[in-house]
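In what follows, a single structure is set out as structure tokens and then discussed.
Quick caveat: nothing in here was measured; it's all calculated off a predicted structure.
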Number of protein chains: 2
Amino acid sequence: MNFDVTDLKLLQFLQEDAKQTNKELSNRLNLSVTAVYERIRKLEREGVISQYVALVDKTKVSKSFVAFCHIKLVQHTQENIMKFEQEVANLEEISECYHISGDYDYLLKVMVQDMEDFREFMVKKLTSINHIGSTHSMFVINEVKHTTAIMI
Amino acid sequence: MNFDVTDLKLLQFLQEDAKQTNKELSNRLNLSVTAVYERIRKLEREGVISQYVALVDKTKVSKSFVAFCHIKLVQHTQENIMKFEQEVANLEEISECYHISGDYDYLLKVMVQDMEDFREFMVKKLTSINHIGSTHSMFVINEVKHTTAIMI
DNA sequence: TTTTTAAAAGAAAATTTTTCCCTAACTATG
DNA sequence: CATAGTTAGGGAAAAATTTTCTTTTAAAAA
């Protein structure tokens, strides 16, 4: 798909606040409401906009203890990888999981209430997944920057 | 704030799809449209819902090369930390930055088009920030899981 | 018991989304 | 050169949704 300046601005606006009305957007973009409406529909249809979501403040729902965990598998068999990735998808404490290059195989983002819950997660859930070789956890001291918007 | 089961379900629903109408939500929750409306307003007012955003598919906007960078500062003076965090906030390639425990001081998430752009980002932008001691980059081979929803 | 408060419902009003139809500008084609 | 086809956009009407207002109900407090 080919984006013109208006598309890029529109994406920027919607990534910041998806609840703006088409009228507000039409003012900001110097377009008619219909034109805005059609452009958004196209972006949705083409899958550029994949989802509209509400973002929840983790401190308000007792999930402000965040850790990143490096994971090494014992063996990189197709089987092990599949099993591990499957298990990860089922664990609700894990919000993100990336297969990465480097010393470790995976990087996980884990969100829980506190250190106690993290310990429980590690002992009862994470390390009970078979074929995990080693783990290394880093705790988030401060979230300096966090945006879901992609600068295009 | 105190959440009942309905609030938790509502938050779950809105974290998955913020474009559902109150009528749809009222059906799923066995409530009236007004009751849903008031509950959402309260969640917004109290800051539980912090933002509504459109999520953009990074592959559709040429930002699918993702790397995590560990950063070590040369000195942990108040001054250095402030400067670094300031610079990070201004770099649009960096979507996330966490001050973390462990061998390194910071973990960054960087999104660019390809390795060439990443190299340019490292050379021209990241390592030109003063007071950076060392960096260690890990490239994302595969995004196994990525959700903005917090399971409450 | 009475009063107060909170949550919820229905209906009306206000606003927004969505559809429909028309125009203008540009492109391809005979 | 004329003509059909395509695309983006605008205005207005229709449909749907959000928002407000009023009332009811049930639980909590006095």
Side-chain angles (χ1 to χ4, degrees), chain A residues 1-63 113 147-152, chain B residues 1-63 113 147-152:
Chain A
M1 182 167 173
N2 244 5
F3 304 111
D4 63 12
V5 184
T6 306
D7 284 325
L8 297 183
K9 278 192 200 164
L10 185 51
L11 283 172
Q12 223 50 60
F13 291 157
L14 291 175
Q15 284 188 106
E16 279 159 19
D17 177 9
K19 274 288 164 76
Q20 288 166 95
T21 64
N22 291 341
K23 198 200 270 183
E24 286 167 333
L25 291 166
S26 73
N27 283 331
R28 300 180 71 180
L29 295 169
N30 275 99
L31 268 183
S32 71
V33 172
T34 306
V36 169
Y37 176 78
E38 290 296 347
R39 276 174 182 265
I40 294 176
R41 260 179 56 110
K42 189 169 179 200
L43 290 168
E44 292 168 354
R45 194 158 13 88
E46 310 246 4
V48 180
I49 295 174
S50 61
Q51 215 183 348
Y52 293 96
V53 300
L55 298 183
V56 167
D57 182 340
K58 61 182 174 310
T59 66
K60 298 285 171 69
V61 294
S62 306
K63 297 288 175 189
Q113 184 173 39
T147 174
T148 56
I150 302 174
M151 287 297 194
I152 315 164
Chain B
M1 182 168 173
N2 243 4
F3 305 112
D4 63 12
V5 184
T6 306
D7 284 325
L8 297 183
K9 277 191 202 165
L10 185 51
L11 283 173
Q12 224 49 61
F13 292 157
L14 291 174
Q15 284 188 103
E16 280 158 18
D17 177 10
K19 274 287 165 78
Q20 288 167 94
T21 65
N22 291 344
K23 198 200 266 183
E24 286 167 332
L25 291 166
S26 72
N27 284 330
R28 300 180 70 181
L29 295 169
N30 275 101
L31 269 182
S32 70
V33 172
T34 307
V36 169
Y37 175 77
E38 290 297 347
R39 276 175 183 265
I40 293 176
R41 260 179 58 109
K42 189 171 180 199
L43 289 167
E44 291 168 356
R45 193 155 16 89
E46 309 248 3
V48 180
I49 294 174
S50 61
Q51 213 181 351
Y52 293 95
V53 301
L55 298 182
V56 166
D57 183 339
K58 60 183 176 308
T59 66
K60 297 286 171 65
V61 294
S62 305
K63 297 287 175 190
Q113 185 172 41
T147 173
T148 56
I150 301 174
M151 286 300 192
I152 314 165

*Any side-chain heavy atom of I49(B) sitting closer than 4.5 Å to one from L14(B)?*
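Contact flag for I49(B)/L14(B) side chains = yes.
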*What are the 5'-most and 3'-most nucleotides of DNA chain D lying under 4.0 Å from any heavy atom of chain A?*
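That gives a stretch of dA8(D) to dA12(D).
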*asked:* Using heavy-atom distances to pick each residue's nearest nucleotide on DNA chain C, tell me which of E38(B) and K23(A) is more 5'.
replied: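 Its nearest nucleotide being more 5', the pick is E38(B).
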*asked:* With a 4.0 Å cutoff (strictly under), does any side-chain N or O of R41(A) reach OP1 or OP2 of dT18(C)?
replied: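 For dT18(C), OP1/OP2 do not have a side-chain N/O of R41(A) under 4.0 Å.
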*Ignoring backbone atoms, establish whether Y37(B) has a side-chain N or O less than 4.0 Å from OP1 or OP2 of dA8(C).*
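For Y37(B), the contact criterion (side-chain N or O under 4.0 Å from OP1 or OP2 of dA8(C)) is not met.
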_L25(B) CG to dA8(C) P, straight-line distance once rounded to whole Å_ =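 It works out to 14 Å between those atoms.
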*Euclidean distance, atom CZ of residue R39(A) to atom C1' of dT17(C) [Å, nearest integer]*: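 It is 18 Å, rounded to the nearest whole Å.
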Counting N and O atoms only, with roles assigned by atom type, does the side chain of [X] sit under 3.5 Å from a partner on the main chain of [Y], one being a donor and the other an acceptor?
{"X": "K19(A)", "Y": "V53(B)", "value": "no"}
{"X": "E24(A)", "Y": "T21(A)", "value": "yes"}
{"X": "Q20(B)", "Y": "F13(B)", "value": "yes"}
{"X": "S50(B)", "Y": "L55(A)", "value": "yes"}

*asked:* Using a heavy-atom cut-off of 4.0 Å across all strands, would you classify T21(B) as base, sugar-phosphate, or nothing?
replied: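 Sugar-phosphate contact only - T21(B) comes under 4.0 Å of backbone atoms but never of a base.
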*Identify which one of D7(A), N22(A), T34(A) satisfies the side-chain hydrogen bond (donor to acceptor under 3.5 Å, both in side chains) criterion when paired with R39(A).*
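Of all the options given, the one that passes is D7(A).
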